[in-house]
Amino acid sequence: MDPSMATQSCPVCGASQSANPRYPAYLCRDCCERAVDETGRRLRFYNTDLGGGFAAVVADTGEPRDSHVCFVNGIRCRADEARFGGIVIEPARGENA
Ligand SMILES: [Zn+2]
């Protein structure tokens, strides 16, 4: 079986997307765009430079957010830089997420 054909489901909405062994529970693009903070403000995540890095801001105000935590459909998640660039969000695991 060609591994490039494998799929996995978004843990929030169930959308089918390309399988990624490194991120077995990553959120789909639509769900990433729904990420909010504890008070429901929309968040944006981005790489701080071409090589990666991670930064979060409140979308409406541009206020920096010093946290990887976000919420999607009420599910506590963690956003971080992806291994090969971009941002990946996965459901939080454990207290330190
Ligand atoms: Zn989704």
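Just so it is clear, the model here is predicted, and its values are computed rather than measured. Atoms within a ligand are numbered from 1 in the order they appear, just like the ligands themselves.
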- Under the salt bridge (Lys or Arg N to Asp or Glu O under 4.0 Å) test, residues paired with R44 that sit two or more places apart: none

- Check the hydrophobic clustering (I, L, V, M, F, W, Y; side-chain heavy atoms under 4.5 Å; chains of links allowed) and say if V72 and V88 are grouped together. no

- Item | Distance in Å, T7 OG1 paired with N20 CG, rounded so as to fall on 0.5 Å steps | 12.5 Å

- Sequence neighbours left out, what pairs pass salt bridge (charged side-chain N to carboxylate O under 4.0 Å, His left out) with at least one residue falling in residues 45-66? E38-R65, R41-E63

- Item | the Zn ion (ligand 1) neighbourhood, protein N/O/S only, threshold under 2.8 Å | C10 SG, C13 SG, C28 SG, C31 SG

- Message: With heavy-atom distances below 4.5 Å as the criterion, would you say the side chains of L43 and V58 are in contact?
- Response: yes

Could you list the donor-acceptor pairs under 3.5 angstrom formed between side-chain atoms of residues 23-32 and any protein atom two or more places apart in sequence or on another chain?
unit_1, atom_1, unit_2, atom_2, d
Y23, OH, R83, N, 2.7
Y26, OH, S18, O, 2.6

